[in-house]
Amino acid sequence: MASREGNEGGLAMRAAGAGAGGAGARTPAAGGSKRIEVPIKKASGGVEEKLHTWPFLVRSEFLMSILVIIVLTVWSLLLNAPLEQPSNPTRTPNPSKAPWYFLGLQEMLVFFDPWYSGVVLPCFIIVGLMLIPYLDINPKGNGYYTFRERSFEILTFFIGFHILWVSFIIIGTFFRGPGWNWFWPGQVWDPHLVEALTNVDLPYMFGLRDYLASAIFGLVVIGGYFVVGYAGLYYWIRSRPAGDRWSAFPGGGPEILKKWGPVRFGITGFLVLAMAGVFIKMALRHALNIKYILVTPWINI
């Protein structure tokens with residue numbers, strides 16, 4: 001009897017000790033294995049670090065979609081947008097414009113060859129958008145909206161879409177009149193206006209008349225642009241200091257380049273420089289009347 005009570009008391013003491021060890025998560029577990037402490041990080045200020053998609057995010061998106069539908073419905077009822085006359089094959093309108101979503105491509109025909117503005121540049125846009133998830137290594141801004149931590153990504157998209165693409169659509173809609181001539185707001189669209197074209201190719205300005213010499217000169221200029229652009233982009237990223245707000249990595253520029261890798265850096269640099277090249281080509285056309293930089297019997301850029 002006494003032996004049984006002693007055994008029960010010993011079991012109770014061992015259970016109590018195990019319970020105390022479980023509460024502190026510091027005593028070794030059965031079998032000699034060590035317990036692993038997992039710290040639980042709690043947000044300060046009463047704000048949760050993570051929220052469920054339902055109902056918090058879905059509810060906000062649903063309310064915003066309802067608001068957008070209401071605005072579009074009211075706008076469509078108040079805005080008078082009549083259809084034009086049926087197309088007449090014997091009468092070509094002047095100017096003959098594409099739908100608004102293609103006006104950007106039509107405006108780029110002023111500055112580039114049709115194959116480049118209608119095929120190559122749209123392919124760059126589509127492929128570049130598809131590659132964004134593979135090129136973006138910034139761990140910040142996943143699941144929440146922030147500009148300070150993703151300023152480079154947001155500004156790149158803003159310049160490429162809103163300033164470059166949307167501006168082409170605005171120019172083609174409001175500034176291009178008969179003959180695809182440039183008309184300022186308030187200026188009468190004169191269908192009989194004729195403007196003399198004084199555009200010249202860049203090799204021609206340097207006295208080159210031979211196709212081979214012009215092609216080599218154009219290739220050197222374009223290749224030099226990409227070499228200088230890559231070097232400038234590389235040193236700009238590498239010069240980012242540790243803890244810089246443009247950098248999501250504590251090590252700054254060197255850590256970005258290491259985690260980015262040469263392939264990602266090369267593709268991103270090519271897309272950024274190609275986008276900047278469109279601005280440069282537009283500026284050269286408007287400022288210096290330069291038509292093409294690379295001139296060959298088959299390809300002109």
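Nothing here was measured: the structure is a model prediction, and the numbers come from that model.
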- More than 12 non-hydrogen atoms from neighbouring residues, nucleotides or ligands closer than 6.0 Å to CZ on Arg91, yes or no? no
- Message: Whether Arg176 engages the ring of Phe183 as a cation-pi pair (distance to the six-membered ring centre under 6.0 angstrom, angle to the ring normal within 45°) should be assessed.
- Response: no
- Message: Could you tell me if the side chain of Tyr211 sits less than 4.5 Å from the side chain of Pro297, heavy atoms only?
- Response: yes
- Query: Closest heavy-atom contact between Thr90 and Asn88?
  - Reply: OG1-OD1, 2.8 Å
- Query: How about Phe111: does its CZ atom have over 12 heavy atoms from other parts shown lying under 6.0 Å from it?
  - Reply: yes
- Do Ile137 and Met130 belong to the same hydrophobic cluster, where Ile, Leu, Val, Met, Phe, Trp and Tyr are linked whenever their side-chain heavy atoms lie under 4.5 Å apart, directly or via other members? no
- Item | Heavy-atom donor-acceptor pair, Asn94 side chain to Gly179 backbone, under 3.5 Å | yes
- Task: Evaluate the side-chain proximity of Tyr116 to Ile299: yes if any heavy-atom separation is below 4.5 Å, no if none is.
- Result: no
- Nearest heavy-atom pair of Tyr292 and Pro203: which atoms, and what distance? O-CD, 4.0 Å
- Item | CH2/Trp115: more than 12 non-hydrogen atoms of other groups inside 6.0 Å | yes
- Task: Begin with the C-alpha distance, continue with both residues' side-chain angles, and end with the deciding distance and a verdict on side-chain contact (heavy atoms from CB on, under 4.5 Å) for Thr156 and Met275.
- Result: CA-CA 10 Å; Thr156 303; Met275 182 177 65; 4.2 Å; yes
- Query: Does one hydrophobic cluster hold both Leu77 and Leu79, with members joined at side-chain heavy-atom distances below 4.5 Å?
  - Reply: no
- Item | Closest non-hydrogen atom pair, Gln187 against Trp182 | OE1-O, 4.5 Å
- Working to the nearest 0.5 Å, report the span between CZ of Arg240 and CD1 of Ile256. 8.5 Å
- Message: Are the side chains of Ile163 and Phe158 in contact, using a 4.5 Å heavy-atom criterion?
- Response: yes
- At what distance, to the nearest 0.5 angstrom, does OG1 of Thr268 lie from CD1 of Ile237? 8.0 Å
- Query: Is the side chain of Arg285 donor-acceptor paired with the backbone N or O of Ile290 at a distance under 3.5 Å, no angle test?
  - Reply: yes
- Item | Side-chain donor/acceptor of Ser76 to backbone N/O of Thr73, under 3.5 Å | yes
- Over all heavy atoms of both residues, which pair between Ala98 and Gln106 is shortest? Give the atoms and the distance, please. N-OE1, 2.8 Å
- Give the ring-plane orientation class for Phe157 versus Phe161, where under 30° counts as parallel, over 60° as perpendicular and anything between as tilted. parallel
- Does the side chain of Leu164 reach to within under 4.5 Å of the side chain of Ile159, using non-hydrogen atoms? no
- Message: Would a single hydrophobic cluster contain both Trp189 and Phe174, if residues Ile, Leu, Val, Met, Phe, Trp and Tyr are joined by side-chain heavy-atom contacts under 4.5 Å?
- Response: no
- Item | Check: Ile170 main-chain N/O paired with Thr173 side-chain donor or acceptor under 3.5 Å | no
- Message: Would you say that Phe217 contacts Val295 through its side chain, given a criterion of any heavy-atom pair below 4.5 Å between the two side chains?
- Response: no
- Verify the cluster assignment for Trp184 and Met282: are they in a single hydrophobic cluster under the rule of side-chain heavy atoms below 4.5 Å apart? yes
- Task: Specify the closest pair of heavy atoms between Gly177 and Pro95, including all atoms of both residues, with the distance to one decimal.
- Result: O-CB, 3.2 Å
- Test item: Phe175 and Pro185 side chains (from C-beta on) under 4.5 Å apart, heavy atoms: yes
- To the nearest 0.5 Å, how far apart are NZ in Lys97 and CD in Glu107? 9.5 Å
- Note on the structure: Taken to the nearest 0.5 Å, the spacing of Trp260 CH2 from Leu135 CG works out to 8.0 Å
- Item | Gap separating the CD1 atom of Ile301 from the CG atom of Leu202, nearest 0.5 angstrom | 13.0 Å
- Item | side-chain contact (heavy atoms from CB on, under 4.5 Å) assessment of Val120 paired with Phe112 | CA-CA 10 Å; Val120 177; Phe112 301 97; over 6 Å; no
- Message: Angle between ring planes, Phe124 versus Phe270, binned at 30° and 60°: parallel, tilted or perpendicular?
- Response: perpendicular
- So with a 6.0 Å cut-off around CZ of Phe226, is the heavy-atom count from everything else above 12? yes
- Just wondering, do Leu109 and Leu105 contact through their side chains at under 4.5 Å, heavy atoms? no
- Message: So Asp201 and Phe206, do their side chains get closer than 4.5 Å, heavy atoms only?
- Response: no
- Which atom names give the shortest non-hydrogen contact between Gly104 and Phe168, and what distance separates them? CA-CB, 3.6 Å
- Message: For residues Ile222 and Phe279: do they belong to one hydrophobic cluster (side chain heavy atoms under 4.5 Å, members Ile, Leu, Val, Met, Phe, Trp, Tyr)?
- Response: yes
- Would you check if the side chain of Lys281 reaches a backbone N or O of Lys291 as a donor-acceptor pair within less than 3.5 Å? yes
- Query: How far does CG of Asp136 sit from CG of Leu131, to the nearest 0.5 angstrom?
  - Reply: 12.0 Å
- Message: Would you call the rings of Phe265 and Tyr230 parallel, tilted or perpendicular, taking 30° and 60° as the class edges?
- Response: tilted
- Query: Is the backbone N or O of Leu257 less than 3.5 Å from a side-chain atom of Tyr234, with the two atoms forming a donor-acceptor pair by type?
  - Reply: no
